[in-house]
Amino acid sequence: MTYRPGRPSRRFLLQASAAVGAGGLLAACTGTGGASGTATVLYTAGLQDGEPANFNPLGWTAAWPVGNYAVHLYETLFNFNLLTGESEPLLASGIAWEGNTGTVTLQEGTTWQDGTALTSADVVATFALGDRNEGIAYGDIHTYVDAVEAPDDRTIAFTLNAARPQRLRLMDLLCFTYILPKHLWDGVADAELTEFANTEPVGSGPYRLESYTHQDVTLARHEDYWGAAVHGKPVPEKVVHATYEGNDAANLSFQNGDIDLSAYFLPRVNELWEDKDLPVKTWEPDAPYHLPGSIPMLIINTTTGPLADARVRRALAHAIDYAKIAESAMAGMSDPAQASVILPEGAESVHFNAEAAAAGWSYDPAEAARILEEEVGAAKGDDGIYVLPDGTRLGPFKAATPQGWTDWNAALDIVATTATAAGIEVATEFSDFSEVNDNLGNGAFDMVLWYVSDVAPSSPWSRIRDLIDDRDVPPVGEMAFWNFGRFHHDDVPALLDEAATAADPAGATAAYTALDDIIRAEAPAIPLMYRPLEFYQFSEKNWTGFPTKEDPYCAPMQGMTGIQILSKITPVEQ
């Protein structure tokens, strides 16, 4: 069986995970104990907002656990480890490379929850779905892969595009594409593939969907899970995700011990154990408490007006108080952002150049003034705002992000306050998500605070590509799906290709540092904070054995390798 990707496609949804923990509907927690008095149910919260509408992994609004990198129900070929950067075996036992062909071997005994064997035909058919409906996210596989073939029931050969032999992007696809049962999804009409509610999902994972309401989603352990001997049998008989009217209600429930594992934004979480002596912990006991997995960016429109001048953008970068954003907007749950688009911790840290980052911008209003006055020739007006030699006033520039993303709103308020004080007038604009999303893609903005590529097998390549690679990016007025600021630099394409195909980490790091240097010099986007992929705090009232920085057996999250938590925790004797 062979799938050869057909039509070209440039479909990438402008997504943001900031809505996680923004508040759902009604709480529905009634305790975790079984008849013996020890816990049998794990209660979680913070990854599902509102009433579940569908469990379709091909759409964009799937309910937990399908929409959250989680492999409770559907599984991927590999499972990405945020801590190490490694792609760990899940459905697959490994991948072997020969030239531009990577051959994936399935684990022995893989089966679907209905008892049907899971074979390579399911894998080929899953990737072929991208040709049947243009709304499927991984339809861009054609850009990097010429063919997906199944020489037998246990192996799948992925042949890369010879012109762009991008192994990094392929590993993204292998880690984040849920494999679906061919015998069920072949029966779904092409036009319905992304709209199908899939309320009776059949996956291959350790849990199956038992029920869902406006109050919660309940998963029941699949007793015949194929991977129990390989990956471990989960301990909780059920996992219940409760939904809440807002953060306050959810955080109170967590403090009361009704929630065992929470992904809500919980300011001053340290007070729970320091002042209230509660059995609550996070990844580490000291600030910033969480492992960073993303870098929300202030993306700047580089095409028009004063912000088209890199000197003005660099001055703006020196006018932002990053420490205040970390301490105030992020409630101490972020270190101050550095002048780099590479994360200094976790999987990406091998490529982080601390010396180069320190030599970049920092909060320094005096340096902002020097750049504007000496390099640009601007002068302050009577109102304290700089005016360019041609009479153009530096502002007001609008800095936008969706309304209700409270920590992001607070971060932009700090940007506006400190930049304006430094002589670059910035005004915040908080509006509907879809409005911000559309304006961003079409280039109708001055500045937007947005997510750009979380940690993944391809990062930091994917993040830098999404920020500054203008290949195949349409002009302002047409929808773009990366490089929203329409930044251009002649050296970027070759450096990105060099990083992607480097023979060793040192070669990749050199290319990434050169790309980071371009960003530091031109400031097309400015990192404002570090944020975890999932906020992670747990209560040991009912369960113990969660991963911490001292016991890092998996990443501190429920998605991806966080599934290992369920086979490691043990109930607390009551």
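For the side chain to side chain contact (heavy atoms under 4.5 Å, CB included) with Trp64, the qualifying choice from Asp49, Asp216, Leu47, Leu73 is Leu47, the only one to do so. Across Gln558, His290, Met557, a single residue satisfies side chain to side chain contact (heavy atoms under 4.5 Å, CB included) together with Tyr536, and that is His290.
Aromatic ring centroids of Phe196 and Trp185 lie under 6.0 Å apart. Taking the six-membered ring for Trp, Phe535 and Tyr264 have ring centres at least 6.0 Å apart. The distance between the ring centers of Trp405 and Phe265 does not fall below 6.0 angstrom.
Checked by atom type, the side-chain pair Asn542/Tyr43 shows no donor-acceptor distance below 3.5 Å. Side-chain N/O atoms of Asn54 and Thr61 include a donor and acceptor closer than 3.5 Å. In this structure, a donor-acceptor pair under 3.5 Å is present between the side chains of Thr110 and Arg154.
In Glu550, the CD atom is crowded: over 12 heavy atoms of neighbouring residues, nucleotides or ligands sit closer than 6.0 Å.
Qualifying side-chain hydrogen bond (donor to acceptor under 3.5 Å, both in side chains) partners for Ser453, counting only residues two or more places apart in sequence or in other chains: Asp466.
For the atom pair Asn161 CG and Tyr144 OH, the distance stands at 10.0 Å (nearest 0.5 Å).
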Derivation of the side-chain hydrogen bond (donor to acceptor under 3.5 Å, both in side chains) call for His241 and Thr44: CA-CA 5 Å; His241 189 296; Thr44 184; 5.1 Å; no
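The pair Asp551-Lys568 fails the salt-bridge criterion, with no side-chain N (NZ, NE, NH1 or NH2) lying under 4.0 Å from an Asp/Glu carboxylate O.
Between Tyr178 and Tyr74, the ring-plane angle classifies as tilted under the 30° and 60° cut-offs.
Among all heavy-atom pairs drawn from Ala347 and Phe80, the shortest one is CB-CZ, 4.4 Å. Closest approach of Ala162 to Asn100, counting heavy atoms only: CA-ND2, 4.0 Å.
Panel note: side chain Trp461, backbone Asp497; no donor-acceptor pair is recorded below 3.5 Å.
For residues 201-211, the set of pairs meeting the salt bridge (Lys or Arg N to Asp or Glu O under 4.0 Å) definition, not counting sequence neighbours, comprises Glu210-Lys238.
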